[in-house]
2 protein chains.
Amino acid sequence: MVNHMVNLDSAFHALADPTRRAVIARLIKGPAAVKDLAAPFGMTLPAILKHLRVLEASGLIGTEKAGRSRICRINPERLAQAEDWLSQQRAVWEGRTDRLTAYAETLARKT
Amino acid sequence: MVNHMVNLDSAFHALADPTRRAVIARLIKGPAAVKDLAAPFGMTLPAILKHLRVLEASGLIGTEKAGRSRICRINPERLAQAEDWLSQQRAVWEGRTDRLTAYAETLARKT
DNA sequence: TAACCAGTAAACCAATTGGTAAAGTAACTG
DNA sequence: CAGTTACTTTACCAATTGGTTTACTGGTTA
């Protein structure tokens with residue numbers, strides 16, 4: 001139960017970097033090798049590799065070795081978990097404002 | 001247009017800490033003073049204040065001074081922005097898998 | 001006015017981050 | 001077998017983070 005929190009920690013942390021979000025946006029369209037992910041950014045291989053490790057540790061992506069290259073693919077479930085936390089908060093918020101709206105209507109009816 | 005990214009950076013960064021998510025979960029049910037937010041955690045006031053500043057800088061919450069206390073309230077729009085990015089990615093993913101599904105069905109029809 | 005209360009500021013600390021450069025290793029290619 | 005490619009490791013760096021303690025300010029209350 002605490003584990004779930006830890007996952008959210010690492011998932012949101014992974015999402016907090018524009019490079020990593022760009023990698024996700026790329027991978028969501030299909031798997032890619034490390035080299036191909038590095039290409040769009042003016043960044044060294046080790047730098048991208050660090051980002052990929054952060055993403056992999058968070059469970060947002062998975063990687064596997066194929067010959068001399070490593071291919072990365074998205075793990076949409078973890079992305080959904082982050083989205084779920086947010087939509088859950090929104091649900092509470094909307095429940096609250098609904099209640100406020102209902103209360104306001106009650107007041108309006110009384111006056 | 002780059003600004004939007006920066007906002008996502010700070011929003012996701014703010015969400016990456018369990019204390020800050022707990023603060024958000026609390027504030028989404030209604031405004032609260034700094035002291036009340038600090039109470040549930042075994043943490044000093046300055047520590048919570050730092051978290052609140054991070055949350056405020058990200059735009060996820062707003063604060064205002066009232067007498068000697070400062071009351072904090074949620075800003076649901078920013079929360080929605082983070083959710084939007086995620087659901088947008090999911091939409092791409094689902095579009096992709098839909099296309100794969102359609103392709104699989106085409107194959108099935110041919111055989 | 002004296003005492004208390006809520007927040008703020010400042011200085012400090014260990015750990016983490018996002019990047020680099022340089023030197024390896026393992027898998028293809030000619 | 002020699003060379004290139006693609007990743008990997010290591011060591012290093014400056015900046016940021018999440019926390020502390022101590023001291024101070026401004027409001028509230030007895």
Side-chain angles (χ1 to χ4, degrees), chain A residues 2 5-27 30-74 82, chain B residues 2 5-27 30-74 82:
Chain A
V2 168
M5 307 281 226
V6 172
N7 289 343
L8 274 183
D9 277 11
S10 59
F12 280 127
H13 167 67
L15 290 168
D17 184 282
T19 302
R20 289 193 293 260
R21 283 201 307 279
V23 166
I24 287 181
R26 165 64 190 79
L27 287 182
V34 175
K35 182 197 73 157
D36 301 322
L37 293 173
F41 314 97
M43 228 179 272
T44 59
L45 248 313
I48 289 288
L49 219 63
K50 278 194 182 184
H51 285 301
L52 292 177
R53 279 201 211 104
V54 170
L55 285 166
E56 192 170 16
S58 75
L60 285 168
I61 73 168
T63 76
E64 59 182 308
K65 201 82 204 221
R68 67 180 158 180
S69 64
R70 172 176 298 276
I71 59 174
C72 312
R73 58 188 74 248
I74 203 81
Chain B
V2 168
M5 307 280 226
V6 172
N7 290 344
L8 274 183
D9 277 12
S10 59
F12 280 128
H13 167 67
L15 290 168
D17 183 282
T19 302
R20 289 193 292 259
R21 283 201 307 281
V23 166
I24 286 180
R26 165 64 189 80
L27 286 182
V34 176
K35 182 195 76 156
D36 301 323
L37 293 174
F41 315 98
M43 228 179 272
T44 58
L45 248 314
I48 289 289
L49 218 64
K50 279 196 181 181
H51 285 301
L52 292 177
R53 279 202 212 103
V54 170
L55 286 166
E56 192 169 17
S58 76
L60 285 168
I61 73 169
T63 76
E64 59 181 308
K65 201 83 201 219
R68 68 179 157 182
S69 65
R70 172 175 298 275
I71 59 173
C72 312
R73 57 189 76 246
I74 203 80

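In what follows, every chain begins at residue 1, and chains take the letters A, B, ... in the order their sequences are listed.
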Original post:
For the side chain of A/Ala33, counting heavy atoms from C-beta on, which of C/dG7, C/dG18, D/dC7 is nearest?
Top reply: D/dC7
Original post:
Separation of A/Phe41 atom CZ from C/dT20 atom C1', in whole Å?
Top reply: 18 Å
Original post:
Do B/Arg68 side-chain and D/dT28 base share a donor-acceptor contact under 3.5 Å?
Top reply: no
Original post:
Closest to the A/His51 side chain: C/dG19, D/dT21, C/dA6?
Top reply: C/dG19
Subject >> B/Leu49 side chain, from C-beta outward: closest of C/dT17, D/dG18, C/dT8 >> reply: C/dT8
**OP:** Could you check A/Arg20 against B/Leu45 and say which one's nearest nucleotide on DNA chain C is further toward the 5' end?
**Re:** B/Leu45
Original post:
When you measure from the side chain of B/Pro46, which nucleotide among C/dA6, D/dT21, D/dC7 comes out closest?
Top reply: D/dT21
Original post:
Given that B/Lys50 and B/Asp36 both sit by DNA chain C, which one's nearest nucleotide is further toward the 5' end?
Top reply: B/Asp36
Subject >> Proximal nucleotide (of C/dT20, D/dT21, C/dG18) relative to the B/Thr44 side chain >> reply: D/dT21
**OP:** Would you mind telling me which of D/dT20, D/dT8, D/dG18 lies closest to the side-chain atoms of B/Asp17?
**Re:** D/dG18
Original post:
Are any of A/His13's side-chain N or O atoms less than 4.0 Å away from OP1 or OP2 of C/dT17?
Top reply: yes
**OP:** Take B/Arg20 and B/Val54 through the test side chain to side chain contact (heavy atoms under 4.5 Å, CB included) and record every step on the way to the result.
**Re:** CA-CA 9 Å; B/Arg20 289 193 292 259; B/Val54 170; 3.8 Å; yes
Subject >> Rounded distance in Å - NZ (B/Lys35) to P (C/dT8) >> reply: 15 Å
Subject >> Derivation of the side chain to side chain contact (heavy atoms under 4.5 Å, CB included) call for A/Lys35 and A/Ile48 >> reply: CA-CA 9 Å; A/Lys35 182 197 73 157; A/Ile48 289 288; over 6 Å; no
Original post:
Between B/Ile24 and B/Leu15, does a side chain to side chain contact (heavy atoms under 4.5 Å, CB included) hold up when you go through it step by step?
Top reply: CA-CA 9 Å; B/Ile24 286 180; B/Leu15 290 168; 3.5 Å; yes
Subject >> Between C/dG18 (P) and A/Leu15 (CG): distance, integer Å >> reply: 12 Å
Original post:
Among D/dC7, C/dG7, D/dT9, which nucleotide sits nearest the side chain of A/Arg53?
Top reply: D/dT9
Subject >> Length of the CE-P vector between B/Met43 and D/dT21, whole Å >> reply: 13 Å
Subject >> Minimum heavy-atom distance between B/Thr63 and B/Cys72, given as atom pair plus value >> reply: CG2-SG, 3.9 Å
Original post:
Over how many whole Å does the gap from A/Arg70 atom CZ to C/dT25 atom P extend?
Top reply: 18 Å
**OP:** Nearest whole angstrom, please: distance from the P of C/dA6 to the CG of B/Leu52.
**Re:** 15 Å
**OP:** Quickly work out the A/Ile48 CD1 to C/dG19 C1' distance and round it to whole Å.
**Re:** 11 Å
Original post:
Which pairs pass salt bridge (charged side-chain N to carboxylate O under 4.0 Å, His left out) with one or both residues in residues 37-62 of chain B, sequence neighbours excluded?
Top reply: none
